[in-house]
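Heads up, the thing below is written out as structure tokens.
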Amino acid sequence: MKKLLPLGALLLLCTLSVNAQKKKNDVLKQLDAKAETYSEIAHTIWGLAEMGYLEEKSSALLQETLAAEGFSIEKGIAGIPTAFVAEYGSGYPVIGILGEYDALPGLSQEAVPEKKSAGGEAGHACGHHLFGTASTAAAISVKDWMKANNIKGTIRFYGCPAEEGGSGKVYMVREGVFDDVDVALHWHPSSANAASAGAALANKSAKFRFYGISAHAAAAPQMGRSALDGVEAMNYMVNMMREHVPEDARIHYVITEGGEAPNVVPDFAEVYYYARHNTRDVVVDIFDRMVKAAEGAALGTGTTMEYEMIGGTHELLPNLTLQKMMHDNLVKVGGVTYNEEEKAFAEKISKSLGNKTLNMEMAETVQPYKETAEAFGSTDVGDVSYTVPTAGLGAATWVPGTPAHSWQAVAAGGMSIGSKGMMVAAKTIALTAMDIFENPKTVEAAKKELEERRGKDFKYVPMLGNRPPALDYRK
Ligand SMILES: [Zn+2]
């Protein structure tokens, strides 16, 4: 038989929980009151649309916002000019909130429901302008709550550049900037609200460069050696290799340089490759075989080859101890409700995607909690998740049914639909951080889970080796 609590203790517990709920409601109200300010910040970053490692103005804007709120700022961390950490408070526990702000090349788009370039080089097709801003908003609201209630501990915002292919966080993990963090929280823009266990594919990417000899392609082809032949021979071999790798592996490439004119034998050509799988050992194996294919291609075409590692990330390690807390808070916060104007915008976006019906429930409600997830993309949060207990969520910043990396994602992210979804994330992260500060035992449970999941022999080895940050990969 369960032991019954005395009435006095029960009443105390009830009062404590009512107080905790009131504090949470106050934080939610404060975030609502500043929603317009954060929307403006996100919109400014959306307009800047700066690509990986080039996010100087976006990073500076978030730094200024946090500094004005009393956070101390350390910028240029891990050898990356646009990476920074903003900190408030001191001592245990240390909660880090991750933020991103890089845009994607070639996806410039106005905030309208039809495809229309804004005339720029890049666009926020992954919603990282919302990601960075909402995480900033969460950090500030937690700071306000800590200050008002004399809460011990440290809240940090990590400004993480170049998630899209640049593996920014990997250098930060490698440099140890997360080593004294107890818990890391993050989120990602999405077309639904969900805080289930996350998954992401391990990834290795590199640019393979072939060097040949130029010559007149008609008058003296025998004098030339085509660098493009090297690229094509490599691609041929890698495409044959697809039959002999695990079927859930992903290999993709683009030819970034293939010569200038057909009548000149190209003396330089470059192909940019990704290899992905949900187990990083498989990725390492596939990548090593890709290098052999490149070496063979160079040998057979009389060219020379060198390759540069560009990115490399671990798969994402879930932490269910934290994840369930995140889910419960997301349920408390709830989804978003569109006004008439937003509904009309959403209908048009949905039609442009070829969807027959617009499933508004995706934005309005929270998806049921799941402890397993399938991985499709990759994220450098994976490396953080192997270092620190990490939990995240997705919030509906895009019209239901919108895929990431589409013009439709840029469009919704540039108007009120994106701003509304972003506040769901800011609130959920803030409430989760509050729960952790108030129940430090959670930190120990989460750390224990991390140790069990990664195994006692685990040693962090960055997938991209010891190269310096690829600061010019978008130049
Ligand atoms: Zn993204």
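Both counts, for ligands and for their atoms, begin at 1 and track the order of listing. Values below: every heavy atom of this structure, side chains too, minus hydrogens, waters and symmetry copies.
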### Task
For residues Val142 and Ala433, report the shortest heavy-atom separation together with the two atoms involved.
CG2-CB, 3.9 Å

### Query
What's the shortest heavy-atom distance between Ser385 and Glu315, and which atoms?
OG-O, 4.0 Å

[X] vs [Y] aromatic rings, parallel, tilted or perpendicular, using cut-offs 30° and 60°?
| X | Y | value |
| --- | --- | --- |
| His314 | Phe458 | perpendicular |
| Phe131 | His188 | perpendicular |
| Phe287 | Tyr307 | perpendicular |

### Message
Between Lys420 and Glu342, does any NZ, NE, NH1 or NH2 come within less than 4.0 Å of an OD or OE carboxylate oxygen?
### Response
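Salt bridge between Glu342 and Lys420, a charged N being under 4.0 Å from a carboxylate O: yes.
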
### the Zn ion (ligand 1) - number of protein N/O/S atoms closer than 2.8 Å
3

